[in-house]
Each structure stands twice: as C-alpha cells, then as structure tokens.
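Just so you know, these numbers come straight off a predicted model, no measurement behind them. Starting from 1, each residue takes its place in the sequence as its number.
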Amino acid sequence: MKYIIYIFLVFTIFVSAQIKGVVVDENNKPIPYVNIWVENGNIGTTSEQDGSFSLQLKSQEKNLIFSAIGFERKTVEADKTEKVVLKNSSIQLDEVVIKKRKLELKKEIGNYENGGFRYHENYFVNGIYFKITEEEKVKYPFIKEIKFRSLSKNKNAKIRVYLVEKNADGSPGLQLLSDEIIFEVKKGNTKNKIDFSSKKIEIPKEGFFVVFEKLKIEQNKHYIEYYYADKDGKKIFYKGLNYEPEISLVPVDEDIGWNKRTNDNWKKSSKTIIQNPNSFENILMKKYHNKYLIPSVTVTITN
C-alpha cells in the first residue's frame, strides 16, 4: 500500500510542477509585466511589479518564452527560469518632422458605446484595426488620443495598451512606440482616455491597430463563487478565476478585429452566432447576432 502511495506521489510531481522565477534586465533590475508562456501552448502568465512570476506546468520538459516591450524575446528551458535576464533591444525609430500650425484640426474615428454590454469573449489580447483614407492621412497625420470603455470588478486593475502597424497579411505587426503603456482603470463601467499627443505618433500609410492586453498579475485576479444544479438536481459549488479588466465589446459589420489568448498567435475574429436570436430569451442579445465583436474604442486623429 505504501509503495502504491509513493508511486502516486511521484507521478503527481512529474505531471504537475510549479515554476517560479524572476525576470531582470542586464543591470539586474526587475522587469514588470513580462509576457511568459509555454512554447506552442496556451498556458501563460505575467511577471509582477518586482519581476517575479510563477507558472503551473504539467511537465518541466517544456520551454518558456519571455517577451517584453523594449527587450529581446528569449526562450528558456522551464527548469532553468530561476533568474531570466532579458537584453535591451535597439529599436530604430523613423525621424518625425513637426511642422508649425496655426489651427488644430481633429477627427474622432471608431466605434464607441457607453453601456448595454452583455457579451464577453475570453481573449487576453484584442486588436482593432483603424484604416485611414489618403485624404484623412493628409489632413490628420497624427494620433492624438484613444478613448475606450472598460468593465472591472476590481479596483485599479491594470491593462497594457499599445499601437502597432499592419502586416502584409492584415494582422497586427510592429509596435509604433518603443515604450509601453500600463493603464490603470477604475472599478465598474468606466470611460478611459489616453493622450498620445506628446509622443507625436505619425499614422502609418496602411493604418494601425489599437491593442489591449490583459495582465495575469495578482492585482487583476477576481474569483467567482456560486452554486448551480446539475442534471440530477444536485447542488454543485463552483469557484473560478477571471482576470480584470474586461474591455467592453460592441457589434460591427466590418471584419476589423484580431485576438489571441495566451500564446503569440494572432487570429482574425469571426462572426458571433446566437442560437434563436429572435426568441424572447435572447431579446437583449439579438444585436450581437451575425456581427463581429470589437472593443468599444475611438481614436482622435489630428494635424
């Protein structure tokens, strides 16, 4: 009997292991909010403010990928991640020529709603494409501000926001900024604004993406607890974990959304199909049927 228990414990340790470590730069300073995920897998996490992280794996015979804005991506064996050092990446930015202007011109583009949000998707990264016409590019060549709607059950939940170019295949590409923006949102249904005017970001010819990325940190954890009845009427207790905040989703006809879960593979969004959309039970969900869902976001462009 003792032998059987011993074999069980060894097997359990083999198939499930917690990896812990810290991510630092070349000067041994901790790097917060580093994306960490299993190579060719969907398991991942984010480093904390002090650079520390932990990840539960089924086997140590895996590689972990570490990625952070401003640093070179690194692949490390899972059992050698006690201390991971990332090298700074040198990003060559195009020269921006700022011309004197007499009058500021600006225009708001995108899709934004204040309330009525009833549909959510379990993606950790959402990208929304903004296409700019030639006329708009001449008249409003710079990105001034983005406005978005967030839903959060936690106080001061944090989310990463960045702007990227468009790849040849239409997917999100290279970032337009060498630094990252970690934005803190308030609890509840709130309107948020990020001012980019001081950064003088020129709009690429092919347009750009606004990207929202959840952070898997302690500050963003929200546990859900409730009871439900199974098919036999037995009461079952459920406890789940979500990461805040959510970015409110709005239905659109255009296919302009991309998303990904934990790994680094972008996927184009697909239409939302609701069963029996005309039924009374789905009266509030009908507006999402046969639509693409994208974050509630507008961008102000300016001269």
Side-chain angles (χ1 to χ4, degrees), residues 35 37 41-44 108-132 146-154 157 159-164 166-167 169-173 183 185 187-192 206-216 220 222-224 226 228 238 240-299:
N35 287 330
W37 69 90
N42 288 318
I43 302 172
E108 190 175 64
I109 57 176
N111 300 272
Y112 182 86
E113 294 180 9
N114 286 317
F117 306 111
R118 298 181 181 277
Y119 203 101
H120 302 279
E121 292 181 325
N122 189 27
Y123 293 110
F124 274 85
V125 187
N126 280 286
I128 317 96
Y129 176 59
F130 288 86
K131 184 178 181 180
I132 308 297
I146 70 169
K147 177 177 69 176
F148 64 98
R149 204 81 193 177
S150 62
L151 301 170
S152 181
K153 298 181 179 67
N154 292 4
I159 191 165
R160 195 193 324 263
V161 184
Y162 49 97
L163 308 172
V164 302
K166 176 188 174 185
N167 284 327
D169 64 355
S171 65
F183 193 83
V185 305
K187 186 177 182 179
N189 182 347
T190 59
K191 177 174 66 175
N192 309 278
E206 299 299 325
F208 62 96
F209 282 84
V210 176
V211 179
F212 297 92
E213 181 180 318
K214 285 187 178 183
L215 302 174
K216 286 188 171 183
N220 290 350
H222 178 75
Y223 291 95
I224 305 172
Y226 60 87
Y228 69 96
Y238 173 82
L241 170 64
N242 286 338
Y243 285 91
E244 301 296 321
E246 294 284 347
I247 302 299
S248 308
L249 300 178
V250 296
V252 297
D253 293 316
E254 295 179 276
D255 185 9
I256 56 175
W258 289 72
N259 48 60
K260 55 184 176 179
R261 297 191 185 276
T262 302
N263 59 28
D264 207 32
N265 298 320
W266 283 103
K267 291 185 178 180
K268 207 167 188 178
S269 61
S270 56
K271 283 188 175 181
T272 299
I273 304 299
I274 295 175
Q275 298 298 323
N276 302 318
N278 295 316
S279 65
F280 178 77
E281 292 79 5
N282 288 324
I283 189 170
L284 297 177
M285 301 294 290
K286 184 178 179 180
K287 70 175 185 177
Y288 298 107
H289 177 63
N290 204 31
K291 300 284 185 179
Y292 297 100
L293 300 185
I294 63 170
S296 176
V297 181
T298 56
V299 176

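- From Ile256, atom CD1 reaches atom NZ of Lys268 across 10.5 Å, with rounding to the nearest 0.5 Å.
- Side-chain contact between Ile273 and Asn290 is present, with at least one heavy-atom pair separated by less than 4.5 Å.
- Asn282 contributes a side-chain N or O that, together with a main-chain N or O of Gln275, makes up a donor-acceptor pair within less than 3.5 Å.
- Here the CZ atom belonging to Arg149 is positioned 15.0 Å from the CD atom belonging to Glu246, to the nearest 0.5 angstrom.
- Residues meeting the ring-ring contact (aromatic ring centres under 6.0 Å, His included) test with Phe212, sequence neighbours left out: Phe148.
- One finds the CH2 atom of Trp37 at 12.0 Å from the NZ atom of Lys216 (value rounded to the nearest 0.5 Å).
- The neighbour count for Leu241 CG, taken as heavy atoms of other residues, nucleotides or ligands under 6.0 Å away, is above 12.
- Heavy-atom minimum distance, Glu213 versus Val125: CG-CG2, 3.7 Å.
- In this structure, the side chains of Phe130 and Val210 come closer than 4.5 Å at one or more pairs of heavy atoms.
- Under the ring-ring contact (aromatic ring centres under 6.0 Å, His included) criterion, Tyr162 pairs with no residue, sequence neighbours left out.
- Annotation: side chain of Asp253 is in contact with side chain of Lys291 (closest heavy-atom distance under 4.5 Å).
- Smallest separation of non-hydrogen atoms from Val164 and Pro172: CG2-CB, 3.7 Å.
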Exercise. Given Asn259 and Lys267, is the side chain to side chain donor-acceptor pair (under 3.5 Å) satisfied, shown in steps?
Worked result: CA-CA 5 Å; Asn259 48 60; Lys267 291 185 178 180; over 6 Å; no

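- The shortest distance between side-chain heavy atoms of Ile247 and Ser296 does not fall below 4.5 Å.
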For this session: Please lay out, stage by stage, how Arg160 and Leu215 fare under the test side-chain contact (heavy atoms from CB on, under 4.5 Å).
Result: CA-CA 7 Å; Arg160 195 193 324 263; Leu215 302 174; 3.4 Å; yes

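- Applying the side chain to side chain donor-acceptor pair (under 3.5 Å) criterion to Thr298, with sequence neighbours excluded, gives Glu108.
- Tyr288 has its side chain out of reach of Leu249: every pair of non-hydrogen atoms, C-beta onward, lies at least 4.5 Å apart.
- Using a 4.5 Å heavy-atom threshold, the side chains of Lys260 and Ser171 count as separate.
- Within the 4.5 Å cutoff, the side chain of Val299 has heavy atoms near those of the Phe208 side chain.
- Note: Asn167 CG to Phe209 CZ = 8.0 Å, rounded to the nearest 0.5 Å.
- Partners of Lys166 under the side chain to side chain donor-acceptor pair (under 3.5 Å) rule, at least two apart in sequence or in another chain, do not exist in this structure.
- For Phe280, there are no ring-ring contact (aromatic ring centres under 6.0 Å, His included) partners at least two apart in sequence or on another chain.
- Annotation for Leu151 and Ser248: closest pair CG-OG, 3.4 Å, computed over non-hydrogen atoms.
- For the residue pair Asn111/Glu254, the side-chain donor-acceptor check at 3.5 Å is not satisfied.
- Residues forming a side-chain contact (heavy atoms from CB on, under 4.5 Å) with His222 (at least two apart in sequence, or on another chain): Lys153, Asn154, Ile224, Glu244.
- Here OG of Ser270 is found 9.0 Å from CG of Leu293. Values are rounded to the nearest 0.5 Å.
- Val211 places a side-chain heavy atom less than 4.5 Å from the side chain of Trp266.
- Atom CG of Asn220 is separated from atom CD1 of Ile159 by 8.5 Å, given to the nearest 0.5 angstrom.
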